[in-house]
Each structure stands twice: as structure tokens, then as C-alpha cells.
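Chain identifiers are assigned alphabetically (A, B, ...) following the order of the sequence lines, protein sequences preceding nucleic acid strands; residue numbering begins at 1 within each chain.
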2 protein chains.
Amino acid sequence: MKKKALRDNDADTTLGTRIYESIANEIIVGKLMPGHRLDEQSLATQFGVSRTPVREALRELGARRLIDLVPRRGGVVTQIGSEKLIDMLEAECEIEGLCARLAAHRMTAMEKGHLRELHEQAAGEEKSLTRYFEINKEFHDLICAGAHNSTLDGTARELRFRLSPFRRPEPSTDVVGVISRSTGEHSAIVAAILAGEAERAYEAMRVHNARVNLGAMKLLQSQPHPEESGPGNGRSRSQAS
Amino acid sequence: MKKKALRDNDADTTLGTRIYESIANEIIVGKLMPGHRLDEQSLATQFGVSRTPVREALRELGARRLIDLVPRRGGVVTQIGSEKLIDMLEAECEIEGLCARLAAHRMTAMEKGHLRELHEQAAGEEKSLTRYFEINKEFHDLICAGAHNSTLDGTARELRFRLSPFRRPEPSTDVVGVISRSTGEHSAIVAAILAGEAERAYEAMRVHNARVNLGAMKLLQSQPHPEESGPGNGRSRSQAS
DNA sequence: TGTGAGAATTTTGTATGCATAAATCAATGC
DNA sequence: GCATTGATTTATGCATACAAAATTCTCACA
């Protein structure tokens with residue numbers, strides 16, 4: 001078991017925080033899969049620290065629902081069951097819709113320019129799924145930030161964060177088709193926002209997210225029973241949004 | 001300073017968790033005001049424990065944004081500035097609107113019955129502001145639960161939770177008027193939900209929340225500058241919703 | 001009076017130790 | 001062969017110890 005390295009100490013953070021970030025990242029990226037047991041002692045050994053900062057990291061992971069923390073029984077990477085996942089997808093769909101509506105009225109000229117530029121840039125990147133995912137994420141980020149409501153933005157961001165393990169890019173069928181359909185829907189959203197048409201932006205975003213999430217849900221339900229497993233076990237569960 | 005008592009150990013919780021709950025409650029209830037410094041050692045003494053569980057509680061409070069946790073400088077009860085407060089009010093307004101829309105379609109007959117019953121009961125309680133606040137909270141809880149989306153429900157619940165310090169009942173002008181106006185708007189919401197008219201429920205809830213929150217915001221902005229203070233300092237900042 | 005350097009004190013961050021609950025394993029009885 | 005109970009081991013919860021950072025205090029000096 002190799003010793004894991006922590007981000008440099010340059011920033012004024014505490015060990016517990018850096019460990020939290022490290023573990024959170026591994027969960028999000030999918031290295032630590034749902035159901036995985038997190039043992040204080042071995043984590044401490046891996047990071048080369050004592051159990052104390054590890055315990056604090058686990059506390060925070062628990063508070064942020066990234067792990068389930070049962071008293072006297074340690075932590076387990078949160079299982080997101082299909083019902084919960086559907087809830088989250090639906091919530092994300094709706095909240096991003098809200099953000100799009102607000103963004104249509106509130107984005108500054110600069111923000112709108114940024115959005116347009118990003119969207120145009122996306123047109124040139126229709127082959128790499130990975131690259132497209134990055135641009136897509138920024139697309140949604142920009143719109144949610146454009147709502148100028150830090151609470152909604154934060155909520156949407158957290159949802160995307162927690163959902164990201166279920167959206168890992170994967171060379172699937174018809175990459176170009178998936179991407180171009182998404183890009184088309186994005187166009188409608190961008191147009192509505194640039195025009196300042198709030199309700200249209202709202203609807204466009206909801207339709208877009210609904211379609212994408214419906215696909216994800218179908219994929220999910222067509223799988224036997226993830227049970228003890230999580231994303232990364234059952235393969236082929238990703239979608240371009 | 002008197003030693004604070006913790007909830008009984010009957011449930012299988014850890015000290016850190018109970019301390020977290022205790023402090024969180026004091027923040028929400030307004031005993032611990034924004035800007036208040038939380039010192040590990042004195043908290044440990046107050047609760048009669050060592051610093052370790054206190055630190056874990058602070059970690060969790062920080063993760064849940066109830067306190068600001070600056071490395072090597074301890075915790076401070078989160079200041080909610082007026083911009084942030086406005087954000088939260090707006091987010092609450094919108095998300096509860098979403099919940100109302102979903103609830104109109106998804107509430108079971110029993111849930112609808114419960115909602116109607118509660119609303120009728122509220123009609124008989126038009127004098128006690130405190131009692132009204134309780135019923136009101138349950139009203140919003142019921143609707144958000146009725147959306148059958150635990151993510152949205154949880155988000156709305158958390159927002160109400162964090163906003164509650166700004167809604168402490170206070171014998172203000174025209175109690176009966178404030179209550180009856182709210183009750184009237186509640187009637188519209190209930191009617192729409194019982195009829196299963198989603199869009200009408202959505203609009204009714206948003207209009208209701210927008211009005212209430214607008215009032216709260218006006219009250220807030222008419223105050224000089226809360227600065228170092230928080231709710232509970234600047235008096236008379238509450239509203240019936 | 002105000003200011004700044006440096007000492008003293010307080011407070012946080014981390015490590016370590018110990019008690020107890022949980023999990024694991026063994027052996028016994030059926 | 002399998003379940004059950006008791007012993008052993010392991011892991012967690014909490015307390016304590018200590019080092020380093022931050023804050024406060026002191027006092028000389030302009």
C-alpha cells in the first residue's frame with residue numbers, strides 16, 4: 001500500500017482539511033467506490049499522520065454526505081441508491097432550470113460574452129468525449145453562476161459534484177451523435193439567455209436536463225441491481241449532458 | 001458559566017454529535033449570535049468533556065456552514081450578510097415553489113388530507129404568533145415532503161433551518177392582519193395542491209414566499225448596518241410566512 | 001500619548017494512550 | 001455439518017500531552 005501524498009502545505013490549511021479534500025476527490029473521481037469501508041488507522045498510515053486529523057476529515061466527509069458515519073462502526077462511502085439518484089437528478093434538473101431563468105435576466109454583458117464564447121468553442125470539440133465533458137461542466141457552471149444567487153449556485157454545484165461519479169465519460173455508442181444533440185440543446189439555452197428570455201431559458205434548460213437525465217435513469221434501471229456496488233462497478237452508465 | 005447539559009446518551013450517538021446538535025441548536029435559536037467566537041477550551045469546560053469531541057463538533061458545524069472555521073484561529077458563528085440573506089430567501093422561495101408544484105402531482109390522498117387538516121386547524125389559531133409560526137413551519141414542511149424528492153425537500157428544509165433565526169416571532173404591529181394575510185395565501189396554495197393543479201400551486205407558493213420575503217428584506221435594509229451583529233441584535237426583523 | 005519589539009500567555013493542531021464497543025475467531029454442543 | 005457462546009483481536013471514542021502559531025501583555029522609547 002503506497003503512501004498517499006497530500007497537497008502541499010503552502011496554503012494555510014490544516015492536515016484534516018487536506019485529507020478531507022484528498023478523500024473527497026477520490027470518492028468523486030471514483031477511486032473510492034460506494035460501500036468502501038474507510039478505516040481510520042489505515043488511512044492514517046497511508047497519509048503518514050495520526051488518527052486525529054483523519055477523524056476530522058471523516059467527520060467532514062460525513063457532514064457533507066460523502067460517507068455514512070455510523071457511531072462506533074466507522075465510515076463507509078455513501079451508497080447512492082437508484083431512488084436517491086433519481087431524486088438528485090430531478091433536483092439538479094429543476095434547480096439548473098431556475099438558474100437559467102435568473103441568468104437570462106441577470107448575467108452581465110461580460111458573462112454573456114463568456115457563455116457565448118464557450119459555446120462556440122464547444123462546436124469545435126465534437127470528437128473528444130472527455131474534452132466535451134469539461135466544456136459541458138463549465139457551461140453549466142457559467143449559467144448557474146450567472147444567476148447571481150450564491151445559494152442556488154452552491155446547491156447546483158454540489159449536486160453536480162455529487163453526481164459526477166455517475167457521469168464519467170466513457171467511449172460509448174455514437175459519441176458524435178450524443179455530443180451534437182447536447183450541443184444543439186445548449187444552443188437553444190444560450191440563445192434564450194442571450195436574448196434575455198427567462199421563461200424560454202428555463203424551459204430549454206429543463207428540457208435539456210430532463211432528456212439527459214432520463215437517459216441516465218434508463219441506463220441505471222436497465223442494470224440488474226447495483227446493490228453493494230456503485231458507479232464504476234456496473235459499467236456503461238455515463239451520459240453527455 | 002454554568003455547565004451545559006447534553007441530550008441523554010440513550011440514543012447511540014457520540015459526544016461530538018451531541019455537542020454539535022447542542023451548539024447548532026443554540027445558533028439556530030439565537031442564543032449564540034453571529035460573530036460569536038467559539039473557543040474550544042471553554043466549550044469543552046462548559047460541556048464537561050475534553051477538547052477532542054468539541055473539535056469534531058466544530059468541524060461539523062463548519063461543514064454545515066453554521067460557523068466559519070479559519071485554520072489556527074478557531075470558529076466564529078457565521079455572519080449572514082444582507083446579500084447572502086437575500087440569496088437564501090430567494091432560493092427558498094423558488095425551491096419551495098418547485099416543491100409545491102411537484103406536491104400537487106405527487107401527494108398521496110393521506111398527505112393531502114393531512115395538509116387540509118393542518119390548514120383548517122390554522123384558522124382557529126389566529127391570535128398566538130408563536131403557535132402560528134409552528135403551524136406555518138409544519139405547513140411548509142408538509143408541502144416540501146409532499147414533493148417526494150428527498151433532495152429538494154432536504155435543501156428546502158436546510159434553508160428554513162438556517163433562516164429560522166431571522167424569523168423569530170415577535171409581537172409586532174397588527175399580528176392578526178399579518179397572520180390572516182398569510183393564511184389567505186396558504187388557502188390558495190392548499191386549494192391548488194388539493195386540485196392537483198401544479199402550475200397554480202407553483203405560482204401561489206412563489207407569490208406567497210416572495211411577498212413574505214420582500215417584507216423581511218425591507219425590514220432588513222431599513223436597518224442601519226448589522227455589521228458585527230446578527231439577528232437578535234437589530235430587533236424587529238421577523239415576519240410571518 | 002502612542003508605538004513597536006519582544007516576552008508571556010492563550011489557543012489551536014497533531015500525536016499518543018487507554019477504555020470500551022464491535023468484529024472476528026475458536027471451541028463446544030447439538 | 002452447523003449454530004451458539006465465550007475469548008481474542010481490532011477499531012473507535014475520548015482524554016491527555018506537547019509543539020507551534022496566534023494573541024495579549026509589557027515596557028522601553030520617541
Tell me whether B/Q121 at atom CD has more than 12 heavy atoms from other residues, nucleotides or ligands lying less than 6.0 Å away.
yes
Determine all donor-acceptor pairs shorter than 3.5 Å in which one atom belongs to a side chain in residues 58-68 of chain A; sequence neighbours excluded.
from	atom 1	to	atom 2	distance (Å)
A/R59	NH1	B/E60	OE1	2.5
A/R59	NH2	B/T17	OG1	3.2
A/E60	OE1	B/R59	NH1	2.5
A/E60	OE2	A/R64	NE	3.4
A/E60	OE2	A/R64	NH2	2.9
A/R64	NE	A/Y20	OH	3.1

Between D/dT12 (P) and A/L69 (CG): distance, integer Å
10 Å
Should the pair B/R55-B/E40 be classified as a salt bridge under the 4.0 Å nitrogen-to-oxygen rule?
yes
Using atom CD of A/Q41 as one end and atom C1' of D/dT10 as the other, report the distance to the nearest whole Å.
10 Å
Protein-nucleotide distance (A/L43, atom CG; C/dT14, atom C1'), rounded to Å
16 Å
Summarise how protein sits on nucleotides 14-25 of chain D as a single string, 5' to 3': B when a protein heavy atom is under 4.0 Å from the base, S for sugar-phosphate-only contact, - for no contact.
SBB----SSS--
B/K31 atom NZ, neighbour heavy-atom count above 12 within 6.0 Å:
no
Would you call B/E134-B/R131 a salt bridge at under 4.0 Å N-O?
yes
Set of side-chain hydrogen bond (donor to acceptor under 3.5 Å, both in side chains) partners for A/E158, sequence neighbours left out:
none
Roughly, in whole Å, what's the span from CG in A/D39 to P in D/dT9?
18 Å
